[in-house]
Amino acid sequence: WPESTAQSLEDGYTIYTSRCSKCHDLKDIPSMSEQDWIKSIASMAPKARLSEAEKITLEHYILATREAAAVRK
């Protein structure tokens, strides 16, 4: 996610840890596939009342985190 900045990744982390955790436990990010995350975010964003910009920021954070975890293995 080359267009991501440190600030946008921090914003994505904040969305993930504050908005997603209101309704359920947080998932282990690397445990789900990219496609599963995209589907999950698309279905959950309206429930979490995320704006389109917040949804994209969250998506970039999740997918960048997955990629970083894969590189570390």
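Note that the coordinates shown come from a computational prediction; the quantities given were computed from them, not determined experimentally.
For Arg66 (side chain) and Trp37 (main-chain N/O), no donor-acceptor pair under 3.5 Å exists by modelled atom type. A donor-acceptor pair is defined here as one N or O able to donate and one able to accept, closer than 3.5 Å; no such pair exists between the side chain of Glu10 and the backbone of Gln7.
The NE2 atom of His60 sits 13.0 Å away from atom CG of Asp11, with the distance rounded to the nearest 0.5 Å. Here the OG-CD distance, from Ser4 to Glu67, works out to 9.5 Å after rounding to the nearest 0.5 Å. For the atom pair NZ of Lys55 and CD1 of Ile15, the computed distance is 12.5 Å after rounding to the nearest 0.5 Å.
Across all their heavy atoms, Tyr61 and Leu9 have their closest contact at CD1-O, 3.4 Å. What you find for Leu58 and Gly12 is that their closest heavy atoms are CD1-O, 3.9 Å. In this structure, Ser8 and Thr57 approach most closely via the heavy-atom pair O-CG2, 3.3 Å.
Within 6.0 Å of CG on Asp25 lie no more than 12 heavy atoms contributed by other residues, nucleotides or ligands.
Contact annotation: the side chain of Tyr16 approaches that of Ile29 to within less than 4.5 Å [non-hydrogen atoms, C-beta and beyond].
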Which donor-acceptor pairs under 3.5 Å do side chains of residues 38-50 form with protein atoms, sequence neighbours excluded?
{"unit_1": "Ser43", "atom_1": "OG", "unit_2": "Lys39", "atom_2": "O", "d": "3.4"}
{"unit_1": "Ser43", "atom_1": "OG", "unit_2": "Ser40", "atom_2": "O", "d": "3.1"}

